[in-house]
Amino acid sequence: MQRRTLVQGVAASLATTLAGPAAWAQAAWPGGPVRIIVGFPPGGGTDALARVVGQKLSAMWGQQVIVENKAGAAGLLAAEYVAQQPSDGSTLLMAHINSHALGPALQPTKLRYSVERDFVPVVLVGVTPNLLIAHPGAPNKSVKDVVALCKAEPGKIAFGSAGPGSAQHLALEMFKVRAMVDALHIPYKGSGPALTDLMGGQIQYCFETMTSATPHVKSGKVIAIAQTRTQRAKGHPNVPTMEEQGYPGFEATTWYGLVGPGKLPTPIADKINRDVNAVLAMADVQEKLDTYGAEDGGGSREKFAAFIASEQLKWARVVKEGNVRVET
């Protein structure tokens, strides 16, 4: 019986090996346009990175690569949509921390998709820090000062975010847990309105994505107090990290990567991975990514899958420790 099982196993292995070319034939490359779905409006960081990569892939593949925006529910609607598309390589998602880490942590029983079942990780495109920013007139211009202010007036110091359950919101929740403070969360419908109110003095602070915050920091309309990766980003070499200001291991990032529907054939996923890695290595692309603060993109599909899993665990812990709830 054992011998028969062994023979069957060897035969199955040989069949899989010999079926390689046939499997590739069945996984034919899409003949028409390839769509990259973005879960946010045009002009944001996710959209910008999708267009940088899409333009290069279009030239490389000799076919249209179209960026299509399907905004809503902090990127979750786009993920739901792509999860239901054919797994032939014609539709990809520019996955985001919201769709693949925060959504599962905040709404584990309400999501209409499973990250593990319904998506194939293809390649990480980039990781950006958030910046803790304030109005230039704010008297508290270090993390230590901000913590002291929050402790002096618990629940009254206003931090804006791009919305409930957003990366900015969860960065604040991590800060509250690590600093053991209470603060007032003011959710907005996007980064734009939050930044407008911050610059106008209606709120005191924001944890904002580097992509959105950088133009206002450079113009002097807001000041950067800290950045939220454990190493300083190239775009802000003079802004200290949260770790440098007393919070070891504090890392609250926004990240982006391409994924396909759950049955995307391995040969197609591998090809896209190789080609995007080649795109990310191009000098002009590197220059653009640096302006967005997007670093550490590229690598294997397995590396991206492990990164997603680690982010899910981290944010599930923050949600539990901070007792974070969002209305859906």
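Each residue takes its place number in the sequence, starting with 1. These numbers were taken from a predicted model, which means no experiment stands behind them.
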Atom pairs and distances, side-chain donor-acceptor, residues 211-225, under 3.5 Å, sequence neighbours left out:
from	atom 1	to	atom 2	distance (Å)
T211	OG1	Y292	O	3.1
S212	OG	T209	OG1	3.1
T214	OG1	M210	O	2.6
T214	OG1	H236	NE2	2.9
S219	OG	P215	O	3.4
S219	OG	H216	O	3.0
S219	OG	K221	N	3.4

Closest heavy-atom contact between [X] and [Y]?
{"X": "A28", "Y": "I268", "answer": "O-CD1, 3.8 Å"}
{"X": "A183", "Y": "K176", "answer": "O-NZ, 4.0 Å"}
{"X": "V82", "Y": "T91", "answer": "CG2-CG2, 4.2 Å"}
{"X": "P265", "Y": "S87", "answer": "CD-O, 3.1 Å"}
{"X": "M174", "Y": "A252", "answer": "SD-CB, 4.1 Å"}
{"X": "G293", "Y": "P129", "answer": "O-CD, 3.6 Å"}

Practice problem: Dump the intermediate steps for ring pair (Phe, Tyr, Trp, His ring centres under 6.0 Å) on H135 and Y205, then the final yes or no. | Solution: CA-CA 7 Å; H135 186 275; Y205 301 101; over 10 Å; no
Restricting to side-chain hydrogen bond (donor to acceptor under 3.5 Å, both in side chains), what partner residues turn up for [X], sequence neighbours left out?
{"X": "T253", "result": "none"}
{"X": "S90", "result": "D88"}
{"X": "T228", "result": "none"}
{"X": "R274", "result": "none"}

Using side-chain heavy atoms (C-beta onward) and a distance below 4.5 Å, is [X] in contact with [Y]?
{"X": "V127", "Y": "F307", "answer": "yes"}
{"X": "L92", "Y": "I272", "answer": "yes"}
{"X": "F250", "Y": "Q245", "answer": "no"}
{"X": "K70", "Y": "L77", "answer": "no"}
{"X": "T266", "Y": "R301", "answer": "yes"}
{"X": "L111", "Y": "P104", "answer": "yes"}
{"X": "E251", "Y": "K314", "answer": "yes"}
{"X": "Y81", "Y": "L93", "answer": "no"}

Are the side chain of [X] and the backbone N or O of [Y] linked by a donor-acceptor pair below 3.5 Å?
{"X": "E68", "Y": "I37", "answer": "no"}
{"X": "R178", "Y": "P248", "answer": "yes"}
{"X": "T196", "Y": "G192", "answer": "yes"}
{"X": "E321", "Y": "V177", "answer": "no"}
{"X": "N277", "Y": "N273", "answer": "yes"}
{"X": "E311", "Y": "I97", "answer": "no"}
{"X": "T46", "Y": "F40", "answer": "no"}
{"X": "R112", "Y": "E80", "answer": "no"}

Given the rule that I, L, V, M, F, W and Y join up when any side-chain heavy atoms are under 4.5 Å apart, are [X] and [Y] in one cluster?
{"X": "V143", "Y": "L198", "result": "no"}
{"X": "I203", "Y": "L149", "result": "no"}
{"X": "V181", "Y": "F207", "result": "yes"}
{"X": "L195", "Y": "V146", "result": "no"}
{"X": "L131", "Y": "L289", "result": "no"}

Practice problem: Mind checking side-chain contact (heavy atoms from CB on, under 4.5 Å) for Q202 and listing every partner two or more places apart, or none if nothing turns up? | Solution: D197
Quiz prompt | Contacts of type side-chain contact (heavy atoms from CB on, under 4.5 Å), residue Q84, not counting sequence neighbours | solution = none
Would you mind writing out the side-chain donor-acceptor pairs for residues 115-125 within the sub-3.5 Å range, not counting sequence neighbours?
from	atom 1	to	atom 2	distance (Å)
E116	OE2	Q312	NE2	3.4
D118	OD2	S114	N	2.8

Quiz item: Would you say K320 has more than 12 foreign heavy atoms packed within less than 6.0 Å of its NZ?
Solution: no
Quiz item: Once you round to the nearest 0.5 Å, how far does CD of Q231 lie from CD of E244?
Solution: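 CD of E244 is found 10.5 Å from CD of Q231.
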Atom pairs and distances, side-chain donor-acceptor, residues 155-171, under 3.5 Å, sequence neighbours left out:
from	atom 1	to	atom 2	distance (Å)
S161	OG	G163	N	3.1
S161	OG	G163	O	3.2
S161	OG	H185	NE2	2.7
S166	OG	G163	O	2.7
S166	OG	Q168	OE1	3.4
S166	OG	H169	N	3.2
Q168	NE2	S191	OG	3.1
Q168	NE2	E208	OE2	2.9
H169	ND1	G165	N	2.9
H169	NE2	E173	OE2	3.0

Exercise. Name all residues meeting the salt bridge (Lys or Arg N to Asp or Glu O under 4.0 Å) criterion together with E243; count only those two or more places apart in sequence or in a different chain, and write none if there are none.
Key: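 Checked E243 against salt bridge (Lys or Arg N to Asp or Glu O under 4.0 Å); zero matches.
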Exercise. With sequence neighbours excluded, tell me which residues meet salt bridge (Lys or Arg N to Asp or Glu O under 4.0 Å) with D296.
Key: R229
Practice problem: Could you walk me through whether Q227 and T241 pass the side-chain hydrogen bond (donor to acceptor under 3.5 Å, both in side chains) test, one step at a time? | Solution: CA-CA 5 Å; Q227 51 183 301; T241 65; over 6 Å; no
Exercise. Applying side-chain contact (heavy atoms from CB on, under 4.5 Å), run through I66 and V34 and close with a yes or a no.
Key: CA-CA 6 Å; I66 301 168; V34 173; over 6 Å; no
Show which side-chain atoms of residues 50-62 pair as donor or acceptor with protein atoms under 3.5 Å away, not counting sequence neighbours.
from	atom 1	to	atom 2	distance (Å)
R51	NE	D47	OD1	3.0
R51	NE	D47	OD2	2.9
R51	NH2	D47	OD1	3.2
R51	NH2	N69	OD1	3.2
K56	NZ	D284	OD2	2.7
S58	OG	Q63	O	2.8
W61	NE1	D275	OD2	2.7

